[in-house]
Engineer: 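One structure is given below, represented as structure tokens, and several questions about it will come after.
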Amino acid sequence: MPQRTHSSFDVAVVGGGIIGLSVAWRAQQRGLRTVVLERDAQLGRGATHAAAGMLAPVSEANIAERELLALGLESAARYPDFVAEVADAGGEDPGFLRCGTLVVARDRDEAEALDRERAMRATLGLEVERLLGSEARRREPALAPTLRLALDVPDDHAVDPRRLVVALAAALRAGGGEIRTGAPVERVETDGDRVTGVTLASAGGAGETIAADQVVVAAGAWTRLLGGLPDAARVPVRPVKGQILRLRDPAGPGLLTRVLRMDPGYIVPRGDGRYVLGATMEEQGFDTTVTAGGVFELLRDASELIPGIWELVIEEQEAGLRPGTPDNAPALGAGALRGLHWAAGHHRNGILLAPITAEILVASLTGAPPPDLSAPFTPARFTHTTKKEVAA
Ligand code: GLY
């Protein structure tokens, strides 16, 4: 029998990354007594730790993913207020940088593709400025003279996810929310067709059970390790590996002021002489090794655009695991058991989608009507069952 405790919460959030913390903070603000349970000894050590923090719905717009674009635009629009509110609530700077983005083309083929990309954005009502290489270099002088074409996307900014984690945790604690690290959730507890809480793993067998009326799964790529849920009630999430480098310019800031996106990859400035260079996309399960080939490809592609990159110091190399659902879009909102909610599977967009995810989840947790734009992201597209069928 699991050991019982006296802890009882309105909401238990499984996962202490950007998504889990954002949902928990908003839930606590609404008066729901909330606890975040993070498996690692520190918060935000999963995909959040590796993430570069691009807030780039326009740069990443894809005509085949209009619903995801709408979600991303809504979330990006909320970011300035979101980070200001987080900073006010907890007193920590979330590291939001109004930097804009350049999408660049290195050669003629890439330039033609970029013109098609611009036309596609125009059909979606997204205006971007077309820059010849010379004008792009005037704006970002570190760009290579061989650069052919660029699109200036002035409203695609960036945030430092590691700072945002610290700021969200401070905001949540200041509002009375609880955070437990080193608290791996082994299973979701259920009674018939409703959840009753979660049980933590412990070395010696069944661990502590934490009672909660509602459980939010925000466990990123580790979602699939969560026990206690019938298969029919599960959102399938797989890890998608991304190798990423953190670089520092010993000469200080100024090499690059905007986010730079190329095919493939990106360089994100932190505004203080540090840069994040990413990222590979690999289907390797839970492998987080950094390979010579991965690092070489990142540096090779980036150095063709920014030759000055060779002078930077490598401060960190890391591989993170993006959480991917079968359609690579997130599962947001109520699940197939009463009291079960999903904020999972954000794939490449977890940092961008944190504010809108929190809003959708708080609607779901409080029984308010979910925003219309969340309908395509219902977890039911994977579970396809009623609560009764799942519990049977
Ligand atoms: N958000 C960028 C990436 O996942 O690589």
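What's counted below: heavy atoms across the whole structure, side chains too, no hydrogens, waters or symmetry copies. Order of listing sets the numbers, starting from 1, for every ligand and every atom in it.
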Engineer: Run the salt bridge (Lys or Arg N to Asp or Glu O under 4.0 Å) check on Glu85 and Arg78 step by step: do they pass?
Structural biologist: CA-CA 11 Å; Glu85 220 186 310; Arg78 283 162 174 70; over 6 Å; no
Engineer: Using distance alone, determine whether Tyr266 and ligand 1 share an N or O pair under 3.5 Å.
Structural biologist: yes
Engineer: When you compare ligand 1 with Arg348, is there at least one nitrogen or oxygen pair between them that comes in under 3.5 angstrom?
Structural biologist: yes
Engineer: For the residue pair Asn349 / Arg322, report whether a side-chain donor-acceptor contact shorter than 3.5 Å exists.
Structural biologist: no
Engineer: Within the supplied structure, the quantity of interest is the number of heavy atoms (other residues, nucleotides, ligands) at a distance under 6.0 Å from Arg300 CZ; does it exceed 12?
Structural biologist: yes
Engineer: Does any N or O atom in Arg322 lie less than 3.5 angstrom from one in ligand 1, N or O only?
Structural biologist: yes
Engineer: Check ligand 1 against Met54 and write out every atom of the ligand that is under 4.0 Å from a heavy-atom position of the residue.
Structural biologist: 2 (C)
Engineer: Regarding Glu189 and Thr199, do their side chains bring together a donor and an acceptor under 3.5 Å, going by distance alone?
Structural biologist: yes
